[in-house]
Amino acid sequence: MNKKKRLPNDCFALPRGITWTPVDHALEQLKRGLSTVKQSERIPLKHCVGRVLANSLYAIVNNPPFTNSAVDGYGFVGPARGSGNQLKLLPGVAAAGRPFNGTVSKGSAVKVLTGAVLPGGVDTIFLEEDVETKENSSISFTGPLKVGANTRNSGEDVKAGEKLFTAGHKFRPQDLALLVATGIAFVDVYSLLKVGVLSTGNELLDHGLEYPHLEKKGKVFDSNRPMLLSLIERWGFEAIDLGVICDEKNLLRERLDEASSRLDVIISSGGASSGDEDYVAKLIGSEGKLENWRIAIKPGRPLALGLWNGTPIFGLPGNPVAAFVCSLIFARPALWLLAGCGWIDPVRYNVVSSFNKKKKPGRREYLRARINHDGEAEIFPSEGSGRISSLSWSSGLLELLEHEESVCKGELVRYIPYSSFDL
Ligand code: AMP
Ligand code: MG
């Protein structure tokens, strides 16, 4: 049921000669190289929110299931004239869940409440507040009223057999209402993507330890792993903590072997460039399959993308800001593709810039930004990718495209709120 599919070794291969990969090119490679790795499983409806539909889903019953009243009022055989409508009132009432057993003939009416099955003969309802009743034996009202007024036809929303969702749809809470209404009790969804997260670096310390003398030993707290694990969970995948690994090839190999045998994706941070201690890129390069992408992006390069025993690995940069941005831009759509959801682009908005900025052409930049009280975008004063506080300060990213060389106050800029990344 939950068997893992392997990806081919050349799925990320870049054309020869490309050194600095444009962001869109890298995204295109991911889109083309990756495919759904999960099998499907059948789950009860109540567990489907956040899961990805594996087969197209069709309505079993009509919504509404029967023609019923949209208001509280009086049901009769329509239409009604503009004035002088007088009808005999039958005893009894048709209420939601309590149908009226008799038949209403022309010239008669019966009280009908919202949601009630239309009594036999009734095709039109007059609103209760516009009707005058006389001694509970007759009603009079002023029309005109068309046949079918104030009723809801069986299947007018959805007909049995109609397609509700196509494979790849990620269920939201409001979808449950539709599924329930159309008679669905179980859905086939892709099994949860299992994503392992590890940090690499001799300098890293697990959080939650007693406050140590960081500077004496040159240690920093491992900020990336809790952040990345939480991102994975937030996106609805199964997050597996693979711990911290020091810069040591054998330990890293062991951890990757173990993780790749049971997980669908591995995300690591740190050690992804070509320095002496950058074992992630080195190891995947020598013993796995590495596409070490020098992506023209700030913050973010390098992103070591590879396969270890057929399991995709995202080797993110160690700097927390770069790790975060690369996760949103590259890992998120890739993970959703692997999970069966297809490719998802974040929604971007044009907003007015409140600042001036010069930029190097040729690379894409993501600036940590937020919307100020005037509704304009402002950016964090420093662009340092170790400035972790900027992530909490900001409410989204500004995307400056490769060809852009400056931003002037008052110009429109592309803003991607974190909510566009489901955060
Ligand atoms: P690296 O990509 O391994 O060269 O690391 C770049 C910078 O990011 C270095 O200053 C590291 O100490 C820092 N760094 C790497 N991993 C983490 C992490 N998990 N948490 C916080 N900082 C990190
Ligand atoms: Mg390192």
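Whatever order the structure lists them in is the order used to number ligands and atoms, beginning at 1.
Here A272 has no heavy atoms under 4.0 Å from ligand 1, in either its backbone or its side chain. When heavy-atom distances to ligand 1 are checked against a 4.0 Å cut-off, V244 has no atom that comes that close, whether in backbone or side chain.
In this structure, E128 pairs ionically with K111, as a charged nitrogen and a carboxylate oxygen lie closer than 4.0 Å.
With ligand atoms numbered from 1 in the order given, ligand 1 contributes 21 (C), 22 (N) to contacts under 4.0 Å with heavy atoms of P320. Interface of F221 with ligand 1, defined as ligand atoms under 4.0 Å from a residue heavy atom, comprises 20 (N), 21 (C).
Heavy atoms of E203 come nearer than 4.0 angstrom to ligand 1 in at least one pair.
Of the protein's non-hydrogen atoms, the one nearest atom 4 (O) of ligand 1 is D278 OD1, 4.0 Å. When hydrogens are left out, the protein atom nearest atom 6 (C) of ligand 1 is N319 N, 3.9 Å; that is the closest non-hydrogen contact. The protein heavy-atom contact nearest to atom 3 (O) of ligand 1 is G271 N, 2.9 Å. In this structure, atom 19 (N) of ligand 1 lies nearest to the protein heavy atom D222 OD1, 2.7 Å. In terms of protein heavy atoms, atom 23 (C) of ligand 1 is closest to G318 O, 3.4 Å. In this structure, atom 18 (C) of ligand 1 lies nearest to the protein heavy atom N224 ND2, 3.3 Å.
Both tests hold for K170 against W336: distance to the six-membered ring centre under 6.0 Å, angle to the ring axis within 45°. Seen from the ring of Y279, K282 counts as a face-on cation partner, given the 6.0 Å and 45° thresholds.
A donor-acceptor pair under 3.5 Å is formed between the side chain of K359 and the backbone N or O of E404. With hydrogens and angles disregarded, a donor-acceptor distance shorter than 3.5 Å links the side chain of D222 to the backbone of R225. Of the possible polar contacts, none joining the N63 side chain to the T182 backbone as a donor-acceptor pair under 3.5 Å is found.
Of the residues listed (K357, K358, K360), the one engaging E365 in a salt bridge (charged side-chain N to carboxylate O under 4.0 Å, His left out) is K357, and it is the only one.
Relative ring orientation between W393 and F380 is described as perpendicular, the plane-to-plane angle rising above 60° on a 0-90° scale split at 30° and 60°.
Considering backbone and side-chain atoms alike, S273 places every N or O at 3.5 Å or more from each N or O of ligand 1.
Comparing heavy-atom distances from atom 20 (N) of ligand 1 across S223, G315, S269, P226 singles out S223 as nearest.
Ring-centre distance between F126 and Y74: not below the 6.0 Å cut-off.
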